[in-house]
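This report concerns only the one structure given below.
As the structure is a prediction and not an experimental result, all values here were calculated from the model. Chain A is the first sequence line, chain B the second, and so forth, proteins listed ahead of strands; every chain is numbered from 1.
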Amino acid sequence: MNDQTQAEKEESRSPVSFIEQIIIDDLKAGKNGGRIHTRFPPEPNGYLHIGHAKAICLDFGMALKYGGKCNLRFDDTNPVKEEVEYIDSIKEDIRWLGFDWEDREYYASDYFGKLYDFAIDLIKRGLAYIDDQPADVISAQKGTPAQPGIESPYRNRPAAESLDLFERMNKGEFEEGSRVLRAKIDMASPNMQMRDPIIYRIIKAAHHRTAENWKVYPMYDFAHGQSDYFEGITHSLCTLEFEVHRPLYDWLVDQLKTGEYRPQQIEFNRLNLTYTMMSKRKLLELVQEGRVTGWDDPRMPTLCGLRRRGYTPESIRKFIDLIGYTKVEAINDVSLLEHAVRDDLNIRAPRIFAVLNPLKVIITNYPEGKTENVELINNPEDLSQGTRQIPFCRELFIEQDDFMENPPHKFFRLTPGGEVRLKGAYIIKCTGLKKNQATGEVEEVYCTYDPETRSGDNKSERKVKGTLHWVSAEHAVNAEVRLYDRLFSHEDPAGQKDEDYRNFLNPDSLKVLKGCKVEPMLAGAKPLEKFQFQRLGYFCADYDSTAGKPVFNRTVPLKDTWAKINK
RNA sequence: UGCUCCGUGGUGUAAUUGGCAACACGUCUGACUCUGGAUCAGAAAAGUUCAGGUUCGAGCCCUGACGGAGCAACCA
């Protein structure tokens, strides 16, 4: 019960977005019969990315919070761009994020019949007409944002003629691009969207659901609002760029509706992340050009990429919650996302010893052939995760960075003549080293250990400045570790005027380390299992591992305070 | 030179409907010392794009500038 009051406090403390306020007010006013019903409407033309997560969390989140429903609706009105492959991935990613549309899986294509009938109705009422002009002429007649358009010569053709033409368009009698259906609204409207928008076009391509049934397909504007209406959506939440479409949305639904009910379109700011590109088209280019290994490349901002990188759904939801929904076009700092990930993984991921760049340490006074197990706490943030035993013996590996022959001031790790504790084991003292004659690199470090100082024995009061992680040379498992950095070096790669965001691709976005040594138990790491490699960062076992050798993706590095000291 | 939307610390969001500008991230200090690169304590940092107006009182209301974004696909 203490938890509940705590949760309530959290609840009352978190700010309410303007959208949530609208919903609260509508519910209070009894609008739509006190009902809230939202929808998440992806076009199945690509994989979902973290920008979509923002929409998903809002659409599903608001419905969940206020006792409503949220539909999943595929906006599949353009058969040439859409594929079933994407539908499956979209469903998987939404579920992974933790949301459920239950049995409400819909498709805009489900409404093609109704939309066609509605189009016929508009023609009969003199509110739509067939235009025989080519695209460039129609476009030119629309005018510019600053100047009104002019009316098409076909604008006032008899309804019967339009009707006949529309039916024949759908029978396939005309070529693509030869004719379109337009709503008759206002060519002089200050809003370009209202200048007799095209609502149907001829496309002679197979649709993934309706096959060859249709030769004419509705445009987005002619499908979205009506689909909302058919499904009883109350709050149709979309991104800011659809703001100028709202009058058209309302106009079309008004021609369709019979009662009081009309879905309400509300716009919010889309997610922009520093050093991240969110455009589906450009992400597709990266995949096609082989600049990444696929949609699920761990550097991609796609949900499947983030998943493979080791992000948890909880961390993504937490992040979305932190950034909020407004009408300001914001650029959110990736460090906020990374904070959310660290925060979540800190409690979740067990601490494991791993050495990325091994340096051999030989304990000269430790018996050859002897092995003993030492006990380590799996997660100091969550003691319920228990302890584990790891083998200690004469030859070990430590991180190269943990030894310096000529240390700077405040370097508390191993140095010639210096002492450190091996975490969980003994205090050791460096007595010598072996260098490579040619390169001058340190190849081996020789130490002695003090048998009285074993951790947990609690006998000695001795303290040393540094504590190192280590792995037994004999027992350690070889692993490949992939260090990922941001894909782009520019703060806003997608915000550039030109198309060459490619210039900002970070050449060091992937660093593969092959000779890493990890604790024996990691040989059996399950795909997507998360760990904190002590002192190095959070890592995630990759399902794309090769030939039985464990592969780990670095999810996010720990904040490195030592780096500053060394500089 | 049209229409629509938006301007609050470095970043992102708040401000009980007009009452001392708050929170988070980031940054910087310090503490803790079998290292948790966690945790704890603290600091710097905006007077709300600008100029007027209404008001006892304006981030909030009004007017006008300035700045940014979106809109001229048979894409969504």
Check whether any side-chain N or O of A/N379 sits under 4.0 Å from OP1 or OP2 of B/rA38, and answer yes or no.
-> no
Is B/rU17 in the syn or the anti form, by the rule that syn lies within 90° of 0?
-> syn
Is it the case that more than 12 heavy atoms not belonging to A/Q21 sit under 6.0 Å from its CD atom?
-> yes
Same-atom distance (C1') from B/rG59 to B/rA22, integer angstrom | 13 Å
What's touching nucleotides 16-20 of chain B from the protein side, N or O pairs under 3.5 Å?
none

What pair of heavy atoms forms the shortest contact from A/E43 to A/D75, and how long is it?
-> CG-O, 3.5 Å
Which value, in whole Å, describes the distance between the C1' atoms of nucleotides B/rU8 and B/rA14?
-> 10 Å
Of the candidate nucleotides B/rC25, B/rA14, B/rU35, which contains the atom at the shortest distance from the side chain of A/P15?
-> B/rA14
In whole angstrom, give me the gap between the P atoms of B/rA76 and B/rC71.
-> 15 Å
A/D321 CG to B/rU13 P, in whole Å, measures 13 Å
Could you give the distance separating B/rG30 and B/rA46 at their C1' atoms, to the nearest angstrom?
-> 26 Å
Its glycosidic angle compared against 90° from 0, B/rA24 adopts the form anti
Shortest non-hydrogen separation from A/G51 to A/M278 and the atoms involved = N-SD, 4.1 Å
List, with names and distances, any nitrogen or oxygen atoms from the protein found under 3.5 Å away from nitrogen or oxygen atoms belonging to nucleotides 5-7 of chain B.
| from | atom 1 | to | atom 2 | distance (Å) |
| --- | --- | --- | --- | --- |
| B/rC5 | O2' | A/E243 | OE2 | 3.4 |

Residue whose nearest RNA chain B nucleotide is more 5′ - A/S335 or A/D402 | A/S335
According to the interplanar angle, ranging from 0 to 90°, do the rings of A/W214 and A/Y116 count as parallel (below 30°), tilted (30 to 60°) or perpendicular (above 60°)?
-> tilted
Check A/W470 against A/P391 and note the closest heavy-atom contact, atom names and distance.
-> CZ3-O, 3.3 Å
Close N or O pairs between protein and nucleotides 73-76 of chain B (under 3.5 Å):
| from | atom 1 | to | atom 2 | distance (Å) |
| --- | --- | --- | --- | --- |
| B/rA73 | OP2 | A/S139 | OG | 3.2 |
| B/rC74 | N3 | A/G177 | O | 3.4 |
| B/rC74 | N4 | A/Q133 | O | 3.3 |
| B/rC74 | N4 | A/A135 | N | 3.3 |
| B/rC74 | N4 | A/G177 | O | 2.7 |
| B/rC75 | OP2 | A/R201 | NE | 3.3 |
| B/rC75 | OP2 | A/R201 | NH2 | 3.0 |
| B/rC75 | O3' | A/R201 | NH2 | 3.3 |
| B/rC75 | O2' | A/N78 | ND2 | 3.4 |
| B/rC75 | O2' | A/K81 | NZ | 2.8 |
| B/rA76 | OP1 | A/T77 | OG1 | 2.6 |
| B/rA76 | OP1 | A/R201 | NH2 | 2.9 |
| B/rA76 | OP2 | A/Y220 | N | 2.9 |
| B/rA76 | O3' | A/D75 | OD2 | 3.2 |
| B/rA76 | N6 | A/H245 | NE2 | 3.3 |

Let me have RNA chain B in dot-bracket notation, would you? Count Watson-Crick plus G-U wobble pairs, both distances under 3.5 Å, and use [ ] for pairs crossing earlier ones and | for inter-strand partners.
-> .((((((..((((.....[..)))).(((((.......))))).....(((((..]....))))))))))).....
Span that lies between the P atom of B/rU49 and that of B/rG10, in whole angstrom | 12 Å
Return the orientation label for the A/Y449 and A/Y426 ring planes: parallel under 30°, perpendicular over 60°, tilted otherwise.
-> perpendicular
Output the residues of residues 184-192 of chain A in contact with RNA chain B, where contact means a heavy atom of the residue under 4.0 Å from an atom of the strand; sort by number or write none.
-> A/P190, A/M192
Sugar-phosphate, base or nothing in reach of A/P380, heavy atoms under 4.0 Å | sugar-phosphate
Sticking with atom P, work out how far B/rA15 lies from B/rC20, rounded to a whole angstrom.
-> 14 Å
Rounded distance in Å between the P positions of B/rG19 and B/rC25 | 28 Å
What's the spacing between A/S315 OG and A/L306 CG if we round to 0.5 Å?
-> 8.5 Å
Hey, is CZ on A/R270 packed in by over 12 heavy atoms from elsewhere, all under 6.0 Å?
-> no
For the pair A/F552 and A/F539, evaluate ring-ring contact (aromatic ring centres under 6.0 Å, His included) and give the outcome as yes or no after the intermediate values.
-> CA-CA 6 Å; A/F552 298 95; A/F539 290 77; 7.4 Å; no
Taking the inter-plane angle between the rings of A/H245 and A/F242 on a 0 to 90° scale, is it parallel (under 30°), tilted (30 to 60°) or perpendicular (over 60°)?
-> perpendicular
Would you say the base of B/rC34 and the side-chain of A/S455 have a donor-acceptor pair closer than 3.5 Å?
-> yes
Name the orientation of the base relative to the sugar in B/rG47: syn if the glycosidic angle is within 90° of 0, else anti.
-> syn
A/L483 CG: over 12 foreign heavy atoms closer than 6.0 Å | yes
When you look at A/R209 and A/D110, which way does the salt bridge (Lys or Arg N to Asp or Glu O under 4.0 Å) test go after all the steps?
-> CA-CA 9 Å; A/R209 298 200 99 217; A/D110 293 341; 2.9 Å; yes
What interatomic distance, in whole Å, is found between C1' of B/rU27 and the corresponding atom of B/rG12?
-> 15 Å
With respect to A/Y111, which candidate in A/Y229, A/F230, A/Y217 satisfies the ring pair (Phe, Tyr, Trp, His ring centres under 6.0 Å) definition?
-> A/F230
Of all heavy-atom pairs between A/V556 and A/R342, which one has the smallest distance, and what is that distance?
-> CG2-NH2, 3.6 Å
For the residue pair A/F118 and A/F222, does the interplanar ring angle fall in the parallel (under 30°), tilted (30 to 60°) or perpendicular (over 60°) class?
-> parallel
NZ/A/K429: more than 12 non-hydrogen atoms of other groups inside 6.0 Å | no
So, is A/K318 near the phosphate of B/rA24, with a side-chain N or O under 4.0 Å from OP1 or OP2?
-> no
The salt bridge (charged side-chain N to carboxylate O under 4.0 Å, His left out) partners of A/D131 (sequence neighbours excluded) come to A/R182
